**Student:** 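Dropping a structure here in structure tokens format, bear with me for questions.
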Amino acid sequence: MQETIDKYTREINEFAKTTAEELESFRIKFLGTKGIIKDLFEQFKTVGPEEKRTFGKVLNQFKQLAETKYNELKESLGGAEEGAKSEGDLTLPGEGFAIGSRHPLSLVRNEIIDIFKRLGFVVAEGPEIEDDWHNFSALNFPEEHPARDMQDTFFIKKNSGKDDIALRTHTSSVQVRMMENGKPPFRAIMPGRVYRNEAISARAHCFFHQVEGLYIDENVSFADLKQTLYHFVQELYGEGTKVRFRPSYFPFTEPSAEMDVSCTICKGSGCNMCKYTGWVEILGCGMVDPNVLENCNIDSKKYTGFAFGMGIERITNLKYVIRDLRLFSENDVRFLEQFQTEII
Ligand code: DAH
């Protein structure tokens, strides 16, 4: 028995680098249910008590040697095999990666721009940090007039009024820049970000986005204003969307109006988006006040025109049924990725 064990011990010690199949044969030969070790233990039962003491120890050591060898080789083989698999197997599926998507506000802004471009409007932009003149005074907001409180302003520099510097509260400031720097006719839309000192909630934010519109030429009338905006709404929300104009007040337009559209969610029958009125307001508009034209060195006897301003968030909310303004700026991928299919 000692001889057999010595012989196999040598064999095990010499057994080194191997393939998976060879290792499996090794296991069956030594550790299998009909293997050598099992056999030796059977023989062990038959030896006398004296020999049992010596052989018991030797046999256990031999069994341990075989097991350790097997485990070591299995481990080295396993690691190597896995490495080879991931580097070498070109048929494995590739790893997917998320593609970006356009922000819903950009999608809607681009759509608004497209509609007005087809009507011959150009796109213009102005600065987000504005002086008092462009944000208020040129637009006919008299100094110390309560109309300035219509919009809670973030001031960067606040002195006498005239030299104030602020984050623009609306894109109407770009109208002034456009008229000051050019000659009529003007036909432009002006998208951009605006700021107001408001507590952030589902319905209000300290920054949001507007698109301003301006059309100045000879003989422009309120009928032109109505037809332009009516056409815009049919393009944006679909044929048959109703519009209505309500008289309103803005310092820079006279007369002024707010325009409502029939609720795009319930089609006018009443839902909580339209507060059960069937209508939702989407923009302010009016005929540009002659004072504003004169402030920008435009002859108000010769030229007339209309202007309008809309909030992109509001229009997006109606289009995609989004009820919380904060979603637009939180960058939650679960929200943003829902607009993935619309990449252009
Ligand atoms: N500037 C206005 C606001 O922030 C919106 C507006 C109303 C713009 C009437 C206009 C207009 O050009 O004619 O609420």
Side-chain angles (χ1 to χ4, degrees), residues 109 112 116 121-128 130 132-141 145-154 166-180 186-198 203-217 220-230 232-233 243-261 280-293 295-296 298 300 303-315 317 325:
R109 183 201 52 208
I112 296 170
F116 281 102
F121 283 69
V122 298
V123 180
E125 282 183 2
E128 293 183 16
E130 262 304 4
D132 175 88
W133 172 254
H134 292 95
N135 198 75
F136 292 121
S137 295
L139 287 164
N140 211 27
F141 285 81
H145 191 277
R148 287 182 189 243
D149 299 335
M150 284 166 74
Q151 302 173 350
D152 299 306
T153 310
F154 282 122
L167 294 178
R168 68 179 176 196
T169 58
H170 53 184
T171 44
S172 303
S173 54
V174 192
Q175 285 185 34
V176 178
R177 290 190 174 269
M178 173 147 231
M179 291 191 281
E180 276 178 344
F186 298 106
R187 201 184 290 161
I189 51 166
M190 297 149 255
R193 182 176 285 187
V194 302
Y195 302 83
R196 296 204 190 157
N197 191 355
E198 302 234 17
R203 319 197 82 238
H205 212 290
C206 60
F207 68 81
F208 52 98
H209 300 80
Q210 290 188 329
V211 177
E212 191 79 13
L214 180 71
Y215 191 138
I216 307 281
D217 205 342
V220 179
S221 72
F222 202 92
D224 298 315
L225 160 68
K226 282 179 81 173
Q227 185 55 32
T228 305
L229 294 179
Y230 176 78
F232 165 66
V233 167
V243 300
R244 74 175 184 189
F245 290 82
R246 286 176 291 102
S248 185
Y249 171 77
F250 300 102
F252 37 91
T253 45
E254 182 59 37
S256 303
E258 280 170 307
M259 189 179 82
D260 300 339
V261 295
V280 275
E281 184 220 314
I282 65 158
L283 56 81
C285 57
M287 300 306 290
V288 178
D289 192 300
N291 287 344
V292 176
L293 294 173
N295 284 339
C296 302
I298 289 171
S300 63
Y303 292 104
T304 52
F306 63 80
F308 54 87
M310 64 187 98
I312 303 182
E313 276 80 353
R314 163 64 69 94
I315 291 180
N317 289 351
L325 275 179

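Everything quoted here is computed from the prediction, not taken from an experiment. When a residue number appears, it is its place in the shown sequence, counting from 1. Every number for a ligand or one of its atoms is a count from 1 in the order of the listing.
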**Student:** Are H205 and E313 linked by a side-chain donor-acceptor pair shorter than 3.5 Å?
**Tutor:**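 The criterion, which ignores hydrogens and geometry beyond distance, is not satisfied for E313 and H205.
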**Student:** Excluding sequence neighbours, so at least two apart, what forms side-chain contact (heavy atoms from CB on, under 4.5 Å) with V211?
**Tutor:** I112, I189, P191, M310, I312
**Student:** Give the residues near ligand 1 by chain and number, with the criterion being a heavy-atom distance under 4.0 Å.
**Tutor:**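 Residue list for ligand 1: Q151, H170, S172, Q175, R196, Q210, E212, F250, F252, T253, G284, C285, G286, A307, F308, G309.
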**Student:** Can you check whether E281's main-chain N or O pairs, donor with acceptor, with R246's side chain at less than 3.5 Å?
**Tutor:** no
**Student:** Are there more than 12 heavy atoms of other residues, nucleotides or ligands under 6.0 Å from atom CZ of R203?
**Tutor:** no
**Student:** May I ask you to decide if G192's main-chain N or O and R109's side chain share a donor-acceptor pair within less than 3.5 Å?
**Tutor:**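 Between the backbone of G192 and the side chain of R109 there is no qualifying donor-acceptor contact (under 3.5 Å).
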**Student:** Enter the distance from L139:CG to N291:CG here, rounded to the nearest 0.5 Å.
**Tutor:** 11.0 Å
